[in-house]
Amino acid sequence: MAIIAVLLLVNIAAYYFYGQIDLTQDRRYTITPATRNMLQHLDNRVEVQVFLTGDELPAAFQSLAQSTEDLLRNFRDISNNKVDYHFTDPLGKDTSALATLAQFRMTGIPVTINAGKKGTTQKMIFPWALVTTIDATGKATAYPVFLQETNTQNVSRTLLNKSVILLEYNLANAIHQISKKEKPAVAYLTGNEEEFGYSIWSAFNTLGRYYNIDTYNLQQAPVIPVRYKTVIINRPMKAFTDEDKFKLDQYVMNGGSLYMNINAVSGSLDSFRSAPRFNAMPVELQLNDLLFHYGVRVNPNLIEDAVDFAGIPLAAPGSQGAPEIRPWVYFPVLKAGSEHPIVKNMGGILSRFVSSIDTNTNDAAIRKTILLASSRYSKIEAAPLPVILESAIEDVRPATFTKRNVPAAVLLEGPFRSFYAGHVPQSVQRFADSLHLQVVPRVKSPGKIIIAGDGDLMVNEVSAKEGPLELGIYRYSDYKFDNKSFLLNSIEYLTDPDNLLEARTRNIDNRILDPKRVEQERSTWQFVNIGIPIALILVLGAVFFFIRKKKYA
């Protein structure tokens, strides 16, 4: 009876008190300090409803569901039970689950289930979670989280591994977003012919979920208010005056961050509407001196990539058939150029007529991190240069592309010095005097600037039937590029001091069994894992029976 009572108490304690020791080499069960700090300082309770459950769940999804439950159990313990969770089967008895999924546009994925003798059947799987909190005023805020990293029914081991890697960040970020007392303010700069309209609808719609985003005309304002945590400069086409650059410089000196997508060379697919070729010309924005002072230079050239690129539809000359998707080296698919949290574990980023970026050593205190780069088979052509549509018909020869991993986006961090600290032009001095402004010579705390050599990174496609498409969708490809994730991660890193992006830096080793050894040693290991435990139980049972018989006979 005493043994039964002890076992009962142990099970009750295990139900209410959960603990674990992470002995894995890759620390896959260890919560990052930033996430832990956020969970320990929650003001309101958070409820997480997970829809990835149900009968006949495929093994890959079962593993993802188990990883989700393990993580949420950790969240609950770290937050002192302020985070709670439960699993709901959308196809079960709770009919309200499907209504919730529809309300937040959480669509299911059809997967094929092996039904044994009956063959195969189709079933809808919902790899979603809904994070909800209610503030002190009774207002409820909900945030849907897609647990699977890519929206596909073909779940590979690599995809599942990536989903598990980013699980902590995705769920922690959702809790963080709905727990904010107010959204940070972000400004989208206008006044220098920046991109505007349906082409940035997806970017505005996406950023609007997390930030109070305003348009701000640089020409009509004496200064950029410091209430804006980050200012976005996206594909300007009009040159910046000395007064414009002074406003940008002093905004950074006063604690602001810049996110800049710059076109150093003109060009787009629309340029082929009137002729089968055009000349890509340098775009003079008068920003070179300011950017070079900070530590970079956006070069007036185009990166061409022989391996990672998007295609364009093109029919062979004289052909009457339908156009085929041909390789277009001017649309490189950029990859992470470093292990930085902004780009770690990220897929390809679609670029269009992108320019290379050089870094300098003007100020050794400024840290330069390459965020995006081309493949190892690249080349650079200086503008002006002819861009010929029919060149897409020619076979690409990677051997002639001798440049490797050309930088296309760079992060600058550190104690920036003002471009105007040593010398102030007369026009800028008159401008500052008229507004009684004093030049701030240096930032008070380390600043951040992200510069990309492509003005189209946050531009979405616009369909004649569907209107603006989601950022990252390319009309001539089935692959969804990670442009949206790059934009969100960049603005979050520039704006949010909590640094939850740290959770994106984790690595989880994909330990795949050697198929040859599996085939050769299958019987041996089956006996070790199944036969030996059964044999041990039988031996121990026999010993126990022998001792008991000898004692009471």
Can any side-chain N or O of [X] pair as donor or acceptor with the backbone N or O of [Y] at less than 3.5 Å?
X      : Y      : value
Thr495 : Lys229 : no
Asn170 : Leu166 : yes
Thr53  : Phe87  : no
Trp128 : Pro144 : no
Ser391 : Ile388 : yes
Ser179 : His176 : no
Tyr85  : Val131 : no
Lys183 : Gly208 : yes
Asp244 : Gln219 : no
Asp305 : Ser378 : no

Before giving the answer on ring pair (Phe, Tyr, Trp, His ring centres under 6.0 Å), spell out for Tyr474 and Tyr479 the whole-Å C-alpha distance, their side-chain angles and the decisive distance to 0.1 Å. CA-CA 8 Å; Tyr474 180 54; Tyr479 181 80; over 10 Å; no
Does the side-chain hydrogen bond (donor to acceptor under 3.5 Å, both in side chains) test come out yes or no for Asn299 and Arg297, once each step is laid out? CA-CA 6 Å; Asn299 299 303; Arg297 177 177 59 204; 3.1 Å; yes
Walk me through whether Tyr259 and Tyr493 qualify under side-chain hydrogen bond (donor to acceptor under 3.5 Å, both in side chains). CA-CA 11 Å; Tyr259 175 82; Tyr493 188 79; over 6 Å; no
Any luck finding a side-chain donor-acceptor pair between [X] and [Y] under 3.5 Å?
X      : Y      : result
Tyr228 : Asp214 : yes
Glu168 : Thr35  : yes
Asp135 : Asn44  : no
Ser338 : Thr369 : no
Thr133 : Glu47  : no

Ion pair [X]/[Y], N-O distance below 4.0 Å:
X      : Y      : value
Glu195 : Arg235 : yes
Arg352 : Glu461 : yes
Glu470 : Lys480 : yes

Do the ring centers of Tyr216 and Tyr188 come within less than 6.0 Å of each other?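 Distance test on ring centres: not under 6.0 Å, no.
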Please tell me whether Trp328 and Tyr330 form a close aromatic pair, meaning their ring centres lie under 6.0 Å apart.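 Aromatic pair counts; centres sit under 6.0 Å.
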Does NZ or CZ of Arg209 come closer than 6.0 Å to the centre of the six-membered ring of Tyr143, within 45° of the ring's axis?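 Yes, a cation-pi geometry holds between Arg209 and Tyr143.
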So Ile450 and Leu258, side chain to side chain contact (heavy atoms under 4.5 Å, CB included) or not? Walk me through it. CA-CA 6 Å; Ile450 292 177; Leu258 295 178; over 6 Å; no
